[in-house]
Amino acid sequence: MEKINSYLLRYKLTNRVSMISLASLFLIGQVSDSFVKHNNFIFYQVILLGIIVLEFSAISTFLIKLENLQNETQTEPELHSAVKEYQKSLNKKAVGYLPIIFIFIFMFSIIQNGFVFLNITGFYGIGLGSAAFYFGVIAYYYYVTYLFFLQDLKKLNFSVNNYAPAYTPYFITITDNLITVEKFFFVIGFLYTLLYSIMSFSSVSFHSWKITLNVANEYWFILTWVLILLFFVIAYPILTIYSKHILKITIQLCKIKKIQEQFALIEFLDKQTQVDRINSTMEIISRIENSASLPLNLTNSLFNKFFSMFFTFITFITPFISIYIEHLLA
């Protein structure tokens, strides 16, 4: 995984190599489809290529911001060490093998149920789809393990802003990375759901409020839909809420620590002759208590909340649209 991460760390869509690779993949697909036609091929091809580009961009952005965090924390031994250890965990070879089981499940289901045929165009589609699934699973893994990294922050000892811990540069960088990755993955999740919904549209019929599956292997078909709904419709909203919860707890603990430090100062002040100093310290305590519980770029993220809710809703209704559309047109 180290070589893959090294490449993705330098990845840019506007890079000449990236543009040539993308154009070559597109042309190879078009040539194969000219020999053996596949229904809606251009639609599937554009979405899969789009998903791969988004996955590359998401992972690249994530790794770059993680590199920035490592540089920012050089003066904080414990935090810096934790970031480096997390980066090392992403380079483990085992991570590269993780997507194989998911690729097998989806490709086997797609082939078994006749969504793709074993011809030149089909092999191209399987290869492109496998690549999309591979980097999608890797990106998902990075996101989930990042939450574990955030959860461990509260166990570490590092300095924070004396009056508003949430505005400490580390927290801002950490949160910015979290928000950026979540935006990428909501769009990716929607595209996966849309793609599979349209691919399996003709295999699902709705008559008299009864759903009928017209597939060769119902078990694998249902399993793939369960995975899509589980990871993209159910898990993401829960994980995004949980990520904010983790940050709030960590920042709250930092606020408590700073308040305790101020109270410790008061203990050494003379209650008779240093009243002004005590009052000013109490004002500082009040400022810390009332300071933000999350970084500014998250507390003011009305757009982020709307964005997340909108794509979650769209992702949720997409499969149902594919089921009901036949009934509505009947």
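What you are looking at is a predicted structure, and each value in this text was computed from that prediction instead of being measured.
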| query | Would Ile100 and Ile110 show up in the same hydrophobic cluster when neighbours are defined by side-chain heavy atoms closer than 4.5 Å? | reply | no

| message | Using 0.5 Å steps for rounding, measure from the CG atom of Leu265 to the CD atom of Glu267. | response | 10.0 Å

| query | Do Leu247 and Leu178 come within less than 4.5 Å of each other through their side chains, counting heavy atoms only? | reply | yes

| Sub-4.5 Å side-chain heavy-atom contact between Ile259 and Ile284 | no

| Any idea which heavy atoms bring Ala139 and Ile59 closest together, and the distance? | CB-CG1, 3.9 Å

| said: Would Val17 and Ser21 count as a side-chain contact (heavy atoms from CB on, under 4.5 Å) here? Give the steps. | reply: CA-CA 6 Å; Val17 175; Ser21 300; 4.1 Å; yes

| What are the two closest non-hydrogen atoms of Leu195 and Leu48, and how far apart are they? | CD2-CD2, 3.6 Å

| request: State, to 0.1 Å, how close Thr240 and Ser243 come at their nearest heavy-atom pair, and which atoms those are. | output: O-OG, 2.6 Å

| field | Chi angles and distances behind the side-chain contact (heavy atoms from CB on, under 4.5 Å) call for Lys257, Val160 | value | CA-CA 10 Å; Lys257 182 180 178 181; Val160 295; over 6 Å; no

| message | Taking the basic N atoms (NZ, or NE/NH1/NH2) and the acidic carboxylate oxygens, is any pair closer than 4.0 Å for Glu182 and Lys244? | response | yes

| request: Please check if atom NZ in Lys92 has more than 12 non-hydrogen atoms from other residues, nucleotides or ligands closer than 6.0 Å. | output: no

| Which heavy atom of Val83 sits nearest a heavy atom of Leu66, and at what distance? | CG1-O, 4.1 Å

| message | Looking only at side-chain N and O atoms, does Tyr196 offer a donor or acceptor that is under 3.5 Å from a partner on Thr224? | response | yes

| field | Verify same cluster id: Tyr97, Tyr141 (apolar side-chain graph, 4.5 Å) | value | no

| said: Checking the side chain of His80 only, and the main-chain atoms of Gln70 only, is there a donor and an acceptor separated by less than 3.5 Å? | reply: yes

| field | Common cluster, Leu239/Val226, ILVMFWY with side-chain heavy-atom separation under 4.5 Å | value | yes

| message | Ignoring hydrogens and geometry beyond distance, is a side-chain donor-acceptor pair present between Lys255 and Asn290 at under 3.5 Å? | response | no

| field | Those residues that, when tested against Val181, pass side chain to side chain contact (heavy atoms under 4.5 Å, CB included) (two or more places apart) | value | Phe62, Tyr143, Asn177, Phe185

| query | Do other residues, nucleotides or ligands put more than 12 heavy atoms under 6.0 Å from Asn71 CG? | reply | yes

| note | d(Ile47 CD1, Ile52 CD1) to nearest 0.5 Å is 12.5 Å

| How about Phe133 and Tyr192: are their ring centres within less than 6.0 Å of each other? | yes

| message | Are Leu294 and Phe171 packed together at the side-chain level, in the sense that at least one heavy-atom pair is separated by less than 4.5 angstrom? | response | no

| query | Is there a donor-acceptor pair under 3.5 Å between the side chain of Asn157 and the backbone N or O of Glu78? | reply | no

| said: If we ignore hydrogens and angles and just use 3.5 Å, is the side chain of Asn113 paired with the main-chain N or O of Phe115 as donor and acceptor? | reply: no

| Donor on one side chain, acceptor on other, Tyr124 and Gln45, under 3.5 Å | yes

| message | Is any side-chain heavy atom of Leu69 closer than 4.5 Å to one of Ile174? | response | yes

| said: For the backbone of Asn161 and the side chain of Thr168, can you confirm whether one donor and one acceptor N or O come within less than 3.5 Å of each other? | reply: yes

| Is there a donor-acceptor contact under 3.5 Å from the side chain of Asn119 to the main chain of Gly122? | yes

| field | Pair Phe56 and Phe135, ring centroids less than 6.0 Å apart | value | yes

| How far does OG of Ser34 sit from CD1 of Ile120, to the nearest 0.5 angstrom? | 8.0 Å

| field | Beyond-backbone contact of Ser197 with Trp225, side-chain heavy atoms, under 4.5 angstrom | value | yes

| query | What pairs with Lys88 under salt bridge (charged side-chain N to carboxylate O under 4.0 Å, His left out), at least two apart in sequence or on another chain? | reply | Glu85

| field | Met282 vs Phe263, side-chain contact (heavy atoms from CB on, under 4.5 Å): CA-CA, chis, key distance, verdict | value | CA-CA 8 Å; Met282 290 302 297; Phe263 275 123; 4.1 Å; yes

| said: Once rounded to the nearest 0.5 Å, what's the spacing between atom SG of Cys254 and atom CD1 of Ile249? | reply: 12.0 Å

| query | Between Tyr163 and Lys258, does a side-chain contact (heavy atoms from CB on, under 4.5 Å) hold up when you go through it step by step? | reply | CA-CA 8 Å; Tyr163 307 111; Lys258 286 299 175 183; over 6 Å; no

| query | What do you reckon, are the aromatic ring centroids of Phe149 and Tyr86 less than 6.0 Å apart? | reply | yes

| task | Check whether any side-chain heavy atom of Thr73 lies under 4.5 Å from a side-chain heavy atom of Phe158, and answer yes or no. | result | no

| said: Ignoring hydrogens, what is the shortest heavy-atom contact between Ser293 and Ala166? Give both atom names and the distance. | reply: C-CB, 4.3 Å

| Any donor-acceptor pair under 3.5 Å from Lys154 side chain to Gln151 backbone | yes

| task | Can you measure from CG (Asp152) to OG1 (Thr250) and round to the nearest 0.5 angstrom? | result | 9.5 Å

| query | Do the rings of Tyr140 and Phe231 sit parallel, tilted or perpendicular, given the 30° and 60° boundaries? | reply | perpendicular

| If Ile, Leu, Val, Met, Phe, Trp and Tyr residues are connected whenever their side-chain heavy atoms lie under 4.5 Å apart, and connections chain through other members, are Tyr219 and Ile105 in the same group? | yes

| query | What are the two closest heavy atoms between Phe184 and Leu54, and how far apart are they? | reply | CD2-O, 3.8 Å

| query | Any side-chain heavy atom of Tyr142 sitting closer than 4.5 Å to one from Ser89? | reply | no

| Tell me, do Glu67 and Gln87 make a side-chain contact under 4.5 Å, heavy atoms counted? | yes

| message | Check for me, please, whether Leu118 and Met107 land in the same ILVMFWY cluster - side-chain distances under 4.5 Å, paths through other members count. | response | yes

| request: Please confirm whether the backbone N or O of Ser57 pairs with a side-chain atom of Thr61, one donor and one acceptor, at under 3.5 Å? | output: yes

| request: Could you tell me the separation between the OG1 atom of Thr121 and the CD1 atom of Ile28, rounded to the nearest 0.5 Å? | output: 12.5 Å

